[in-house]
2 protein chains.
Amino acid sequence: MPYTYEYPRPALTVDCVVFAFDPSNKSLKVLLIQRLADPFKDSWALPGGFVEMEEDIETAAKRELKEETSMENIFLEQLYTFGTLGRDPRGRVVSVAYYALIPLQKAQTPIAASDAKAAKWFSIDKLPPLAFDHNDILQLGLQRLRGKVRYQPIGFELLDEKFSLSDLQRLYETVLGVQLDKRNFRKKLAKMGVLIETDEYQQNVPHRAARLYRFDKEKYHQLIHDGFNFEL
Amino acid sequence: MPYTYEYPRPALTVDCVVFAFDPSNKSLKVLLIQRLADPFKDSWALPGGFVEMEEDIETAAKRELKEETSMENIFLEQLYTFGTLGRDPRGRVVSVAYYALIPLQKAQTPIAASDAKAAKWFSIDKLPPLAFDHNDILQLGLQRLRGKVRYQPIGFELLDEKFSLSDLQRLYETVLGVQLDKRNFRKKLAKMGVLIETDEYQQNVPHRAARLYRFDKEKYHQLIHDGFNFEL
DNA sequence: TCAAAAGTGTTTCTGCTACACCCATGC
DNA sequence: GCATGGGTGTAGCAGAAACACTTTTGA
């Protein structure tokens with residue numbers, strides 16, 4: 001069933017840089033799949049695939065994500081469109097890259113979809129060589145995450161719905177690669193007033209249990225509307 | 001000469017949001033073309049066109065820009081890729097949008113390219129209705145410009161190579177939509193040390209002539225390298 | 001009782017804000 | 001000589017940074 005056009009057209013794909021954060025060892029992780037077929041058979045690559053004709057690009061990205069993680073309602077934003085000649089040995093392929101943030105706790109063990117031999121979380125400082133220009137894409141995603149995390153509250157997307165202040169601090173320290181002062185960090189967040197104190201505490205920890213908080217999206221949007229600026 | 005593929009493929013285009021700044025009346029301008037053919041014949045639209053098969057996407061954007069403005073070496077950055085179903089009545093068309101910044105002084109009168117009846121600068125607060133989803137694209141470009149101008153020195157791209165401090169201040173006031181204090185603005189810039197004082201002054205002004213400055217790109221990149229952060 | 005992390009205030013210092021007058025030039 | 005924008009310094013204040021000890025819990 002062939003499709004014919006008057007002028008040549010590139011193929012259109014999506015690729016996803018999926019981040020997760022493990023507070024226990026302060027490591028930022030990326031989801032990779034191992035390719036089942038050539039080109040780059042057995043190489044690790046970003047999850048992705050072709051955009052269907054009757055499907056929005058972002059929908060395609062969500063579909064691919066669901067295949068690998070069985071998760072829906074994931075935080076997802078467009079990152080950049082890669083279309084240099086020769087980036088795919090099969091011919092002209094333009095790829096719209098997205099980045100996604102998911103709470104590691106909720107993420108089940110990743111599933112190898114039909115086009116993958118395996119799917120696995122990799123710590124961003126222990127990455128294997130990647131297929132195509134996927135390393136460029138991944139690095140750009142990382143850069144975007146680091147840039148955006150400090151003036152938009154997207155970091156919360158990497159934590160469970162309820163989290164301790166120390167986990168939040170560990171997240172920021174990891175993503176930004178800095179050391180933060182506990183008291184100043186808490187003071188700043190308290191002043192912003194976008195955290196809701198719950199009555200719950202950590203369970204089964206071998207030390208004093210930390211109180212858990214939730215991010216107050218409503219309040220945040222209201223504050224934004226009034227000209228507030230989230231920062232650090 | 002038809003081209004045939006096993007699966008259907010969207011057409012790929014580029015669209016450019018081209019900004020310029022007129023310090024004399026503090027207005028931010030956008031370049032629009034008037035469409036020569038259907039769909040949206042006679043409507044105003046962003047300059048753009050199809051991406052050739054053997055051409056990088058950014059190269060396509062530069063080519064389109066050169067056709068309308070006869071300028072090369074323009075500041076150009078990818079903005080977002082628009083691909084919702086139904087955004088073009090002719091069928092599935094995915095458009096990679098770019099935004100460009102050019103110094104109004106250097107820009108000659110825009111030229112209507114082959115696909116355009118006219119090309120004209122519009123002040124962003126007096127825009128005509130636009131074809132396709134081009135208003136969305138334009139607004140996103142504006143948002144990006146406003147967001148980026150405060151922590152990356154891209155504003156200089158909208159000024160001549162040599163400019164007065166007042167022009168620079170007017171630019172920031174216009175883009176950000178705020179009023180700035182002259183002394184504080186100058187103090188901040190002086191402290192950053194990314195401006196080179198020239199020995200030249202404004203010509204033919206009916207008042208004291210302002211000294212002209214240049215942006216020091218070298219110095220800026222060196223400072224960035226040392227962990228400096230441009231802001232405001 | 002020990003280990004491990006949670007939780008909590010004050011002081012210092014730096015950087016932002018607010019603010020007004022004289023200067024040079026063209027008409 | 002007048003109108004127009006160019007150019008310059010200081011004082012007060014708010015917010016960031018630095019910093020150490022007590023509390024709770026499980027083992």
Side-chain angles (χ1 to χ4, degrees), chain A residues 21-27 150-151 159-160 162-174 176-214 223 227-232, chain B residues 21-27 150-151 159-160 162-174 176-214 223 227-232:
Chain A
F21 174 65
D22 186 348
S24 71
N25 56 0
K26 291 186 71 165
S27 84
R150 63 180 67 220
Y151 62 93
L159 294 176
D160 241 335
K162 293 172 189 162
F163 50 85
S164 72
L165 293 180
S166 293
D167 277 355
L168 185 61
Q169 183 176 342
R170 272 188 277 275
L171 166 63
Y172 273 89
E173 288 179 336
T174 306
L176 299 177
V178 295
Q179 197 84 357
L180 299 172
D181 180 86
K182 182 160 55 160
R183 282 176 288 191
N184 293 338
F185 182 78
R186 285 162 186 238
K187 237 180 297 169
K188 196 177 287 188
L189 280 162
K191 190 157 43 102
M192 287 190 195
V194 294
L195 292 187
I196 300 172
E197 184 177 291
T198 74
D199 290 332
E200 295 171 55
Y201 292 82
Q202 287 179 319
Q203 300 293 329
N204 305 321
V205 286
H207 51 75
R208 176 171 176 183
R211 183 189 283 273
L212 301 182
Y213 291 77
R214 290 189 297 114
L223 287 172
F228 160 85
N229 231 359
F230 182 90
E231 202 171 326
L232 224 184
Chain B
F21 173 65
D22 185 348
S24 70
N25 56 1
K26 293 185 69 166
S27 83
R150 63 181 66 221
Y151 62 94
L159 295 175
D160 242 332
K162 292 171 189 161
F163 49 85
S164 72
L165 294 181
S166 293
D167 278 355
L168 185 61
Q169 185 176 340
R170 271 187 278 272
L171 166 63
Y172 274 89
E173 288 179 337
T174 305
L176 298 176
V178 294
Q179 198 83 358
L180 299 172
D181 179 88
K182 183 160 57 160
R183 281 176 289 194
N184 293 339
F185 182 77
R186 286 162 187 237
K187 238 181 298 169
K188 195 177 285 188
L189 280 162
K191 189 158 42 105
M192 286 189 193
V194 294
L195 293 187
I196 301 172
E197 183 176 292
T198 74
D199 291 331
E200 295 171 56
Y201 292 82
Q202 287 179 319
Q203 300 294 330
N204 306 320
V205 286
H207 51 76
R208 177 171 175 182
R211 185 188 281 273
L212 300 181
Y213 291 77
R214 290 190 298 113
L223 287 172
F228 159 84
N229 231 359
F230 182 90
E231 202 171 327
L232 224 185

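No hydrogens, no waters, no symmetry mates; every other heavy atom, side chains included, goes into these values. Just so it is clear, the model here is predicted, and its values are computed rather than measured. Throughout, a chain's letter reflects where its sequence line sits, starting with A, and its residues are numbered from 1.
Two residues are said to be in side-chain contact when any heavy atoms from C-beta on lie closer than 4.5 Å; B:D167 and B:F21 fail this criterion. Looking at B:F185 and B:L168, their side chains come closer than 4.5 Å, going by heavy atoms from C-beta outward. Under the 4.5 Å side-chain criterion, counting only non-hydrogen atoms from C-beta, B:L171 is not in contact with B:K26. Annotation: side chain of B:Q169 is not in contact with side chain of B:P23 (no heavy-atom distance under 4.5 Å). Side-chain contact between A:R186 and A:L189 is absent, with no heavy-atom pair separated by less than 4.5 Å.
The nearest whole Å value for the distance from the CG atom in A:D167 to the C1' atom in C:dA5 is 12 Å. Rounded to an integer number of Å, the gap from A:N229 CG to D:dG15 C1' is 15 Å. If you take CG of A:L180 and P of D:dA16, they are 13 Å apart, rounded to a whole angstrom. Straight-line distance from the CZ atom of B:F185 to the C1' atom of C:dC19: 18 Å, rounded to whole Å. Here C:dA20 presents its P atom at 11 Å from CG of B:D181, a figure rounded to the nearest Å. One can place OH of A:Y213 at 12 Å from P of C:dA6, the figure rounded to the nearest angstrom. Look at CG on B:N184: it is 14 Å from C1' on D:dG7, rounded to the nearest Å. If you measure from atom CG of B:N25 to atom P of D:dG5, you get 13 Å, rounded to the nearest angstrom.
Note on A:S164: nothing from the nucleic acid sits closer than 4.0 angstrom, heavy atoms only. As judged by a 4.0 angstrom heavy-atom cut-off over every strand, A:R186 is placed among the base-contacting residues.
Taking a 4.0 Å limit (strictly below) on heavy-atom distances, residues 201-209 of chain A reaches DNA chain D at A:V205, A:P206, A:H207, A:R208.
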(Q) Using side-chain contact (heavy atoms from CB on, under 4.5 Å), reason through B:L232 and B:L176 one step at a time and then give a plain yes or no. (A) CA-CA 10 Å; B:L232 224 185; B:L176 298 176; 4.2 Å; yes

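You'll find that the side chain of B:R183 is closest to C:dC19, out of D:dA17, C:dC19, C:dT8.
B:Y213 pairs in a side chain to side chain contact (heavy atoms under 4.5 Å, CB included) with only one of the listed residues (B:E197, B:K162, B:E200), which is B:E197.
Looking at which nucleotide of DNA chain D each of B:L165 and A:K191 is closest to, the 5′-most match is held by B:L165.
Evaluation of atom-type donor-acceptor distances gives no pair under 3.5 Å for the side chain of A:K187 against the base of C:dT8. The base of D:dG7 sits within donor-acceptor range of the side chain of B:K182, with an N or O pair under 3.5 Å.
In this structure, A:D22 CG and A:R170 CZ are separated by 10.5 Å, a value rounded to the nearest 0.5 Å.
Counting all heavy atoms, side chain and backbone alike, B:M192 lies closest to B:L223 at O-CD1, 3.5 Å. Taking each heavy atom of A:T198 and A:L212 in turn, the nearest pair found is OG1-O, 2.8 Å.
Rounded to 10 degrees, the angle between the two end axes of the helix from C:dT1-D:dA27 to C:dC27-D:dG1 is 10°, with five pairs used at each end.
Neither OP1 nor OP2 of D:dG5 sits under 4.0 Å from any side-chain N or O of B:S166.
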